[in-house]
Structures are given as structure tokens and as C-alpha cells.
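Naming convention: chains lettered A, B, ... in sequence-line order (proteins, then strands); numbering from 1 in each chain.
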Amino acid sequence: MKRYNPQEIELKWQKRWEESHAFACTHESDKPKYYVLEMFPYPSGNLHMGHVRNYCIGDVLARARRMQGYNVLHPIGWDAFGLPAENAAIQHNTHPAAWTYSNIANMRSQMKRLGYSYDWDRELATCRQEYYRWEQLFFLRFLEKGLLYRKEAPQNWCPSCHTVLANEQVEDGCCWRCKSVVEQKDLTQWFLRITAYADELLKDLDLLKGNWPDRVIAMQNNWIGRSEGAEITFPLEKPAGGQESISVFTTRPDTVFGVEFMTMAPEHPLVQDIIRGMPNEAEIQDFINSVRNMDRIERQSESLEKKGIATGAFVLHPFTGRKIPIWLGNFVIASYGTGAVMGVPSHDQRDFEFARKYNLPITQVISKSGALEDVSTWECAMTEPGIMVNSGEFDGLPNEEGKKKIVAALQEKGLGRGTTQFRLRDWNISRQRYWGAPIPVVYCEKCGIVGEKEENLPIILPLDVKTFPDGKSPLPATASFVECTCPKCGGKARRETDTMDTFVESSWYFTRYTSARDDQQAFNKDALSYWMPVDQYIGGVEHAILHLLYARFFTKALRDLGFYPDNLDEPFKRLLTQGMVLLDGSKMSKSKGNIVNPEEMIDKYGADTVRLFCLFAAPPERDFDWTESGIEGASRFLQRIWRLFEDSHDLLLPVPAGSSTAADAVDAEARDLRCKEHATIKKAGEDMASRCQFNTAIAAIMEFVNAMYLYRAKMGTDEGSRRVFSSAMATVLTTLSPIAPHMCEELWSLMGQEDMLSAQAWPKYDEAALVRDTQTIALQVNGKLRGTVDLPTGADKAALEEAAKAHPSVQKFTAGLEIKRVIVVPGKLVNIVAK
RNA sequence: GCGAAAGUGGCGGAACUGGUAGACGCACUGGACUUAGAAUCCAGCGCCAUUGUGCGUGGGGGUUCAAAUCCCCCCUUUCGCACCA
């Protein structure tokens, strides 16, 4: 008997798949397409279990869909620019490119050992000029269209990474990558106008409902943060800084008559002009400095005491002309709305607390009953809807109606309008680092900021540089890169030395896969419209906002620039966020030392076992614990199949899966096995390819294997029985092959089958074979199970009822009771209602 | 505070449209094989109870002939956002 030796057979089949380009695909096909994609990895050096799980999920889908008749695109590549390469290069005294490419080589070979069915002919790495040249083209087109602009503003600065970060890359006030506390720094940077798409990004979340996890949609919704309201202009008593007025954003224009003060952010551009020459200017300046010196964590912490200071200046109420004092407040966010808010202490909790603290008046303008209350007894602001009071001509209106009327009145006066605010900010894509895509722009003394000519692309990132030990980019000191000629006037110019955020590369790689080797254009339109959108995207939930929001934005922007088809609104039709692989209940991490190394597991058990365990341990979106007994169990199941096969070798005929006929199945055991076979084909097929419930697909195959063991113990050696058993074996190998492809290929060929299993069609299940001779009917009395009875399939209601009433246990429980009703569900149960 | 998800045996989890709760696996127990062990095969395995008209899907109500599943209230856990005006 041949022993199961995964090391040997896995290598053999991996070689055969590779040599035959078994998983290469083309868009020229009559089959329906299916694009399955896993989030591409950063080439950190080694695959970890999280990667393995991610790619196993994608691979089963790809293999199952392929067998089920789809033309499948399943590509892989490398998110190859980024900071760790620079840090590692400094540490190991090598070049970021060398480090990156050797990591890619290592991880590629690890992936191949796992038998993933990628179309390797489409592999790409974002650090290659063949890739980023197209990104530079997009940059120029964005610039032309006004979707890119340069702006000086306070930015999130990570002191340890020596670069700025986008808002999405700051978590709890810390750098998402290195966890250092982020500082604020005034810098001039390139911004992508993602806010121009805020409305569409929000609205199109509706298209994703049901196909993306609710929480990801909720998180994006939250992040975009739309609020409807009004901008209201308060004229300044004395003009300042050349301005006649200050505007605020509010969601409650209906409370405008309750305004008692205005609060500005200390960073508001008008503040310095307003306070100039005030008697307590120095004191105010101290307040401003103390707020500005706080780091982000401190500034935004819940426990931060709300503080303010009066400036001594006033604005005038837009309706009454009343004088309203201008305060500065440490809680007002400069970058949201207009950086100034109106203070309505009666109907906003923050303003209420602020007014109490600084002894400012409180005036009620909304009332539940319509009557005025004694606000001095209030313990908190009244934020519920009601009737407007103390509001001049608007008195007596329900506040929702008042909102509209007040906005209309403000508009007429030229002192306001209805607006919508978003929490989303434009995306800062400048990075002060070396290992990234160069920004194709020059600074010319005569012409200013000039985009490169498209025919000069790519602007190549010079590789013959040495990285500085402090992590600062060597580009500004690289004369051959910096010194250039202006594309417009031909005069001397300096090249931009910031590089692009690596999230730019990952915002469009999935479309480049559709024509990865085209060196004439970014995309082949036919291939692009054939393959896009991605049918199933799989990755970690950590990108719920970052990558997934950027990629959605990029898709819409490139669509509007004509790079993508007009109807490509969303890049990822379905999204699966896979759970983490834990060890002893906590996340695996190098620093904690609780790591399970995939390669060691492959050495010990083989790739098929690793794949099987990753998919069987839990549903894909849930976290699971890696356990030794769990992987042992997975290994045991594969050995069990191997043994069943080897022990029955003489009985096996090289028949197709699902090929035995009703005529072959002469006895009840054979009929049962055949029935189970077709049920397995159905269940495993649906669970694997449509429901992404790999654990239950595997359970179904396990049940079937158990049934085969029982059948083999009793079966005869006649042709019919052998055909039933052989067909069953072929079905096990076929349905399990997406999960454990190597072993299944090996047994398939040992069975005497000619073509490769991976090229086989998924067997068709036969509805007729699913019908069993008898069905077990549940018998209930008053909804409680009191017994079961086996009846011939198709027995009618009367027969079911009669059998139920005749059942001894049912008789016992209905004895002495009057039967009120009998509910019969054919094929399922009989419930007798008795009192 | 706002938003989302999840609570089922000793454990991971099944039950897809309300219809036999606990599939499949792990762990455990017993048996067979064996000098013995490992492996394998077979069987048992929700709880309680000296064996029942018992209890049981986080808790409490409700709808229904029938609820893990639908509705209402509450509790717990995890995650995301959070002074957003």
C-alpha cells in the first residue's frame, strides 16, 4: 500500500500546474466571467497565517468557480513601495529595492508551496516603472481636471516615519504603522480632492448593501460623515482682517434666536486680526498657544476640560442685530465646517455647559409645550423637537418647519444658505520618503508649478542612491533627480522630491491585472470591461476605511477621466472580510513570540492539510484559534480518504464523478450512498462557490466519506456496486479538490483518470437521485417531539396523519385529550394539537 | 454618546425560507486489534433526574399549531467613530 506523502505529491502537482499554465486566462471567452481577488500583500519577507487564510479562501472560490464553468481571473501581485523597505535597508545596509525584490522572491515561493491557482502571467509589483508610470499619468490628468491641488495646512506629521499621514492613517492620534504620537506641522502638500466625490461615495454604499459586511458600510458611512444644515453669516461689529463677517455651520438653524455667543477655533485664520489691540491680547495669545501646543491625543480626549476665553470682539445677530460676543474655545475643530460655531446654550449640551461655566445667558427658543420654561432650573440642554418661541416672526412654528423658513429668510438677506458638511477631508498624498512613486511635477522659477509632459513619463525613481541613516529621503540631495528642465519653458527647474502615498498604488492595481503586460496603455478597454468589477474581494477588515475608501474613490475618478467604462461605479461587487488567525486567544505577533510559521506546518503536514484546517476551523469572517489538535484532525481526515482509496484500489473503476445510475444501485445501501453523493455535490458546490461557507462544505464531504466507509464494509463486488462506489470516490476527489488540490489530483490519477482534476467540470447533481425511498417524519403533540416514523416518500397528508395517530408514543400523549387540530407538513412533520 | 456585529454542549461550530436543536470536527469515555503503546476501526457523548407529561440556544415578555430563527424590553462581549456644532 502506498503511503500518503504530501511533500512528494505536492511538489509534483505544483510543477505540472506551472508547466501547463493551468490557471492562465484570457478575456476572449464565451463563458461567464468571475474575478476573484485577495488584497495583495506587502512584501514583508514571509507569509504569515493571516495571508495563508486569506489566499486559501480566494483559491477555493477560484478553483470551485472554474470547475463550475466560469472563466476565472485570479491574479496576485505585490504592494511593493513603502516605508518598511527603507527602514530594513538602513538596518541591514542594503537597498530598499534589493530588500523588496528578495522578499518578493521568497514569498512567491512560499505561495507556490501552498498550491494557489494564480495566473502568474499577470503578476505585478507596484515599485516597477512599468506599473507606476500609469499612476504618474493619472496624476497629470487629475491635476488637469482640478482633482489634485497644492495647499498649505497643518498636517499630521509622524516624527519617527519622517513623513505626513492622511487623516485615515491616524488612529487614536497615532501613526497607523509605527504607533508614534502624531504631531501637527504646517506644510505645503498635494491633495486629492476625494471630497468632490463625498456624495457619490456615500450614496453608492447603497449598491453594496447585502454584498459588503454591514459594519464596513457603517464605518464608511461614519467616516464620510454627512450632515445637513446651514451656513449662517454673522456680520462683524468692526471688520477685521479685511473681512466684514464670520460664518458658522450649524445643523440647527431653527435655534438661531437662542445664540448667546460665537466660539471660534484658536487656529481660525481671522483670530489674530480680531484680537489685535485688545486689552488682554497677551492673555488670549497664551490661551491660543496652550491649545496649539497640545498633541492630538490630548486635544481630542474625552476628559479634556472645555475651556474658552472671550476676545472682547462682537458679531451682530443676523435677524435682530443684537451684539454677540466672540469667544475662542479649545473644543472647536478648525478643519470642520467653518472653524467657528454659534453658541446656543439652551439647545446644545456643549454650549449649555460652556454657558454655565462662564456665566453666559441662556435663552429658550424651542419648547415642547409651546410655553416658556424656567431655564435656570435646567440640568441639561433641551435637544428634542418642539415649538419655536422667543424667535420673533417664527414663533409658534414646529422647529423642523422653522429650519426651512429661517434658512429661506437668511438666504433672502444674503446672510446664509442651506449646506451640507462632510467629515471626510481631502486626501494628502505627499510623502517625504524615498521608496515611493515620484510625483511628476517640476517647480520652475518662471512658470511655477508645471506638470511633466506625458511623453516624458515615467519619471523614474533613481535606484543609485544611498538611504540616510535617519530615514530622511535622499531624493532632495540627489542632483541628477532634482535638477531638470521646465517642460513648459525649457528653463532650469527643480523636481518635486516628495513621493506618492503607497495607498495610491493599491487604489487601482485590481484593474491593471486585467491587462498587466500592456506597455502601450494603462488598460486594455475590452479586457477591463470584460473583467471588472471584481466579483469577490477578500481581505482584512483593517482596510475597511483606508484602502477600500480610496479604491472606491479612484474608481469613480478614473471613470470620469475616461480610463474606466462609464458604468463602472464600484470596483468590488462583493466583499468578504476574513477573521484573524489567533494563537491562545490572542493575535499572533512576532514581538510576543506567539507565531505559527506556515512553512513549518507545510513541512510537517503538507499544504493540503494547512489549507483544509484554515477553512474548516471556522466560517471565513470569524476569528479562529490555531490548535495542534485541530490541524491533526485535518490531517487525519485526508489520511482517512487516502486509506479508503488504497484499501479499495482493486474495486475502483475510472468513472466520472456522479456517474453511477439508478440501475447500478440495486440494494438500499447503494441507493442511500448514491443519494448522499448527489446531496454532497449540491451542498459542497453551493457552500463553496456561492455561500463562502467552506466549513460546512467540508463537513458535508466528511459525512459522505463516513458513509462510504460504512458502504464499503457491506458492498458486493458486482459491477453495479463497484460503479456506485467508484462514482462516489470520484465525487469525493472532485468536490474536495478546491480545498486539498494536490492529494485529490494524485488519487485522481491513481484511479486511472486521464485529464487533470483541476480541469474537470463540477459534477451535476440529479434531482431524482436526491429523493430517498423513505422519509423520517417528526411526530409532535402540542409542538413537542414525541417520536418519529419512517414513511415512503410522497405519502399524502391523510397517510401521515393516520401514521401519527397510530404511533404508540403519540397515543400515550394524547390519551384522554380531545384532538383540536392536526398540522401536517408533508415530508417533514405531523403536529397534533390536543387539549 | 452614535453606529455595527455577536451571545447555541467541555471546545470550534451546524441548523440557508419559523418545522426532529447540537450536523461535522476537537476533547473525553468504553470496546476491538496489540506483549504493550501509537495508529486504526466500532460505539457512546447537552443538562438534570434512582429513567420524566422534566429542563435546554444570554435574560424577561409576546406572536404562532410550532421560535436559536419573527416582534418588544433588558444584559453581556467585540469592533469602528467620537467635543463634527
statement: B/S/- along nucleotides 76-81 of chain B (protein heavy atoms under 4.0 Å) is ---SBS
query: Could you write nucleotides 16-25 of chain B as a row of B, S and -, 5' to 3', where a protein heavy atom under 4.0 Å of any base atom gives B, of only sugar-phosphate atoms gives S, and otherwise -?
result: B--BB--BBS
statement: What residues 797-817 of chain A contributes to the RNA chain B interface at heavy-atom separation below 4.0 Å is Lys812(A), Phe813(A)
Can you tell me, in whole Å, how much space there is between the [atom1] of [N] and that of [M]?
| N | M | atom1 | value |
| --- | --- | --- | --- |
| rU8(B) | rC24(B) | C1' | 16 Å |
| rA21(B) | rC2(B) | P | 39 Å |
| rC84(B) | rC79(B) | P | 23 Å |
| rU69(B) | rA6(B) | C1' | 15 Å |

message: Parallel, tilted or perpendicular: which one describes the rings of Phe503(A) and Trp176(A), with boundaries at 30° and 60°?
response: tilted
- prompt: Which residues satisfy the ring-ring contact (aromatic ring centres under 6.0 Å, His included) test with Tyr709(A), sequence neighbours excluded?
  reply: none
statement: ring-ring contact (aromatic ring centres under 6.0 Å, His included) filter on Trp626(A), not counting sequence neighbours, yields Phe613(A)
Excluding sequence neighbours, so at least two apart, what forms side-chain contact (heavy atoms from CB on, under 4.5 Å) with [X]?
| X | answer |
| --- | --- |
| Cys675(A) | Arg772(A) |
| Pro253(A) | Ala230(A), Ile232(A), Thr250(A), Lys403(A), Ile406(A), Val407(A) |
| Asp199(A) | Arg226(A), Phe422(A) |

Enumerate donor-acceptor pairs with a distance under 3.5 Å from any side-chain N or O in residues 576-583 of chain A to protein atoms, sequence neighbours excluded.
{"residue": "Gln578(A)", "atom": "NE2", "partner": "Gly50(A)", "partner atom": "O", "Å": "3.4"}

query: Starting at the 5' end of RNA chain B and moving along, which residue's nearest nucleotide shows up first, Gln421(A) or Gln693(A)?
result: Gln693(A)
- line: When Val216(A) and Asp351(A) are each assigned the nearest nucleotide of RNA chain B, the 5'-most assignment goes to Val216(A)
message: Between Arg712(A) and Ser648(A), is there a side-chain donor-acceptor contact under 3.5 Å, judged purely by atom types and distance?
response: yes
message: Just to be sure I follow the notation: if a pair is Watson-Crick (purine N1 to pyrimidine N3 plus N6-O4 or O6-N4) or a G-U wobble (N1-O2 and O6-N3), each under 3.5 Å, what dot-bracket string does RNA chain B give, with | for pairs to another strand?
response: (((((((..(((......[....))).(((((.......))))).(((...).))..(((((..]....))))))))))))....
message: Under 4.0 Å, counting only non-hydrogen atoms across every strand here, what does Pro213(A) touch: a base, just sugar-phosphate, or nothing?
response: nothing
Measure all distances between protein nitrogen or oxygen atoms and nitrogen or oxygen atoms of nucleotides 45-47 of chain B, and list the pairs falling under 3.5 Å.
none

query: Should Met715(A) and Glu669(A) count as side-chain neighbours, where that means a heavy-atom distance under 4.5 Å?
result: no
Can you give the donor-acceptor pairs under 3.5 Å from side chains of residues 214-223 of chain A to other protein atoms, not counting sequence neighbours?
{"residue": "Gln220(A)", "atom": "OE1", "partner": "Arg552(A)", "partner atom": "NH1", "Å": "2.7"}
{"residue": "Gln220(A)", "atom": "NE2", "partner": "Ala544(A)", "partner atom": "O", "Å": "2.9"}
{"residue": "Trp223(A)", "atom": "NE1", "partner": "Glu168(A)", "partner atom": "OE2", "Å": "2.8"}

